[in-house]
Protein chains: 2
Amino acid sequence: MKKITIADVANQATVSKSTVSQYLNERYDYMGEETKARIKKAIEDLGYQPNIVARSLKQKSTKTIGVIVANILHTFSTEVSRSIEDVCNEEGFHTIVCNADDDPVKEKRYIEMLRAKQVDGLIIFPTGNNRELYQRMLDEKYPVVFLDRSVPDIPVSSIMLENEVASELAIDHFVEKNHRRIGLITTSIIDSITPRLERLKGYQNALKKHGIAENENYISSVAPQEVQTALDQMLGQNQPPDAILAGNDLVLMEILKYVKQKDLRIPEDLAIIGIDDVSFASFYTPTITTVAQPTFKMGKMSAELLLNKIKQNKIRDDRPDYRFKPTLMIRESV
Amino acid sequence: MKKITIADVANQATVSKSTVSQYLNERYDYMGEETKARIKKAIEDLGYQPNIVARSLKQKSTKTIGVIVANILHTFSTEVSRSIEDVCNEEGFHTIVCNADDDPVKEKRYIEMLRAKQVDGLIIFPTGNNRELYQRMLDEKYPVVFLDRSVPDIPVSSIMLENEVASELAIDHFVEKNHRRIGLITTSIIDSITPRLERLKGYQNALKKHGIAENENYISSVAPQEVQTALDQMLGQNQPPDAILAGNDLVLMEILKYVKQKDLRIPEDLAIIGIDDVSFASFYTPTITTVAQPTFKMGKMSAELLLNKIKQNKIRDDRPDYRFKPTLMIRESV
DNA sequence: CTGAAAGCGCTTACAG
DNA sequence: CTGAAAGCGCTTACAG
């Protein structure tokens, strides 16, 4: 099956390739109506579709961006990338989403592959462990936006939640409901991840604000598959916490599994708040109080920011990052 | 920031572009060790990355496939595309996932855009309403694989669940637990969708098998946002069903919302089985009996099938479709 | 063992 | 108002 090219269209319409190209790019400033009609007909007759690869090579723009999420298992990642795709679509951009799987090596490979594919820009949930690479992109003035996390000393603006506020909202609510022994469980293989650090900090500050002493046995940061053991430890203590803040959706689900298995009552035996508004929160029994991230807005903002950088070729950011406010969804688990 | 090209590398290494290209493509059959070393060094010194767009234009292969899912909101779609990506990755292919949103117009636009981008093949969850387009791809011997659904008279092989069996497993289990008034709710704007038809058929056959008369008031097919009203109607009847099979995950969630709101007991007031094994099934109260699809295997199979078609340039399928067995996950909701 | 040349399918100054 | 020519960055027969 021979592919139809612009040359075939030109022949068919008895004009030159240039003219067809002008037509395709809607530059018909001076193009004769009759010529236009002939080209239109030829394109339809032949079922011609322009080859975007060829166009990209010439124009040095693929109208495609890459998104590298740290870990696609979080609903946050899925929702944000969906919203990025929506914005891009409206602007005629395509999106290639890659999952770094919390692995800096994979992240590096994806960044390199996507750049080799000439994507026009990159939205990255940075693992944080490819500093040289990030810096190189900056030096080359390559359009990049960070999401969910920032990287110290890498001046790329990042779209982030007000993580400290997220924890604070949760702690305030716990305290209001007379809980004072409040635990925190986060998952993060990599220590220096912004949300983990900030949510921990927000938790600590909020406790202090309420005059509650911090207890290091109430704080745990482990991989998702280890949450069960962490809970065994934390709840097996003499004075166990009677409330736990789950640092993200995966932790929350692990906690719920644990609660189910041990036949604990929520909130009587254990009060729970999860950061990330999971799909089943509103119809779980009891309904689950969560701190929701504005995932849609955050995705939209990051896409717009990147597309602006791409179009205006203005790479430096006017501000370090963009923060979004979380919302406490009060339900029955506290 | 001037991009480094193969010409720069050639200069730096004082060889020709051809030789660099040979090196890049690992055709060093007769290449001198010393030449190799010089090229290697030049590439490193310059930080050269080949431009894949240029390569694609010449080689007429982008090493990218497109996936068009009918509706990304189903976990099934997400899980399957993740597994497709895994397979593709191993084979050095990239994946662009698009969401047709159950809209044939969007589906058409995506198919055309992706083909214009020269993706090497397409995995489609067909809406079913672009028959001409499907047929044209077949005529042009363009590599396509269908997933989740098949399209009558379009001989493209499709990776599908044994949908009738899925319903049958559920009905058998209901009956075993002494339910005989069994309802079915599916969502499908478009009527002729394979899974909907087959799940309905499986439901009907299974009822017959158990000597239960079919009651059309027990069957409903509506959009997700109308499930609530459908339930009001169905359960408001004189002899309402005491068990409902949810045709997919979204329906299940709507049913659970309804049950929660009306304060019904599961399974005493209403027994429930959902097709699609939702994330919270194992720790919901009660735990939810589901019919699980082997999403991972199905994604893998479809990717392998497509990559084979692409590589072997063998477009015709030896068999019409590939069916996968569902698994009943017995829990407490029946 | 390596290089010169043509070509993939477009776009874009420029000439007329 | 339209066309000839160059060029985007590669790869690939072919010649030597």
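In what follows, every chain begins at residue 1, and chains take the letters A, B, ... in the order their sequences are listed.
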Under the 6.0 Å and 45° cation-pi test, does Arg115(A) pair with Tyr142(A)?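 Cation-pi check for Arg115(A) and Tyr142(A): passes.
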
All stems with DNA chain D, defined as three or more consecutive Watson-Crick or G-U pairs under 3.5 Å: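 When the pairs of DNA chain D are grouped into runs of at least three, the stems are C:1-3 with D:14-16, C:5-12 with D:5-12, C:14-16 with D:1-3.
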
Taking everything shown except Lys36(B) itself, do over 12 heavy atoms lie less than 6.0 Å from its NZ?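 Result for NZ/Lys36(B): enclosed.
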
Please identify which of these residues, Lys311(A), Lys63(A), Lys300(A), meets the salt bridge (charged side-chain N to carboxylate O under 4.0 Å, His left out) condition with Glu91(A).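 Among Lys311(A), Lys63(A), Lys300(A), the one that satisfies the salt bridge (charged side-chain N to carboxylate O under 4.0 Å, His left out) with Glu91(A) is Lys311(A).
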
Just how far, in rounded Å, is [atom2] of [N] from [atom1] of [X]?
X         : N       : atom1 : atom2 : result
Ile52(A)  : dG9(C)  : CD1   : C1'   : 12 Å
Lys117(A) : dC10(D) : NZ    : P     : 15 Å
Arg55(B)  : dC8(D)  : CZ    : C1'   : 16 Å
Glu33(A)  : dT2(D)  : CD    : C1'   : 15 Å
Leu57(B)  : dT12(D) : CG    : C1'   : 14 Å
Asp8(A)   : dC8(C)  : CG    : C1'   : 14 Å

Please write out each protein N/O paired with an N/O of nucleotides 5-7 of chain C under 3.5 Å, distance rounded to 0.1 Å.
unit_1: dG7(C); atom_1: N3; unit_2: Lys58(B); atom_2: NZ; d: 3.3

Does [X] place a side-chain N or O at less than 4.0 Å from the phosphate oxygens OP1/OP2 of [N]?
X         : N      : value
Thr5(B)   : dG9(D) : no
Ser16(A)  : dG3(D) : yes
Gln118(B) : dC8(C) : no
Thr35(B)  : dT2(C) : yes
Asn51(B)  : dC8(D) : no

Testing Ile124(A), Val156(A), Ile154(A) for side-chain contact (heavy atoms from CB on, under 4.5 Å) with Met137(A), which one passes?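 Going through the options one by one, the only one that passes is Ile124(A).
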
Can you tell me which nucleotide in [options] comes closest to the side chain of [X]?
X        : options                  : value
Gln22(A) : dT12(C), dC8(C), dT11(C) : dT12(C)
Thr19(A) : dT11(D), dG3(C), dT2(D)  : dT2(D)
Ala54(A) : dC10(D), dC10(C), dG3(D) : dC10(C)
Tyr48(A) : dT11(D), dC10(C), dG9(D) : dC10(C)

Side-chain donor-acceptor pair present, Thr127(B), Glu107(B), cut-off under 3.5 Å: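 Yes, side-chain donor-acceptor contact under 3.5 Å.
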
Going by atom types alone, do Gln135(A) and Asp139(A) pair a side-chain donor with an acceptor below 3.5 Å?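 Asp139(A) and Gln135(A) do have a side-chain donor-acceptor pair below 3.5 Å.
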
Closest-nucleotide ordering on DNA chain C, the 5'-leading residue of Ala7(A) and Glu34(B):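 In this pair, the answer is Glu34(B).
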
Taking the nucleotide of DNA chain C with the closest heavy atom to each, which residue, Thr14(B) or Leu24(A), is nearer the 5' end?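 With Thr14(B) and Leu24(A) compared, the 5'-side residue is Thr14(B).
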
Report the distance from atom CG of Leu24(B) to atom CZ of Arg55(B), rounding to the nearest 0.5 Å.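 Reported value, rounded in 0.5 Å steps: 6.5 Å.
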
Any donor and acceptor pair, going by atom type alone, linking the side chain of [X] with main-chain N or O of [Y] inside 3.5 Å?
X         : Y         : value
Ser158(A) : Arg149(A) : yes
Ser81(A)  : Ser77(A)  : yes
Tyr134(A) : Gly128(A) : yes

With heavy atoms under 4.0 Å as the rule, sort Val53(B) into base, sugar-phosphate or nothing.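 Result for Val53(B) = nothing.
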
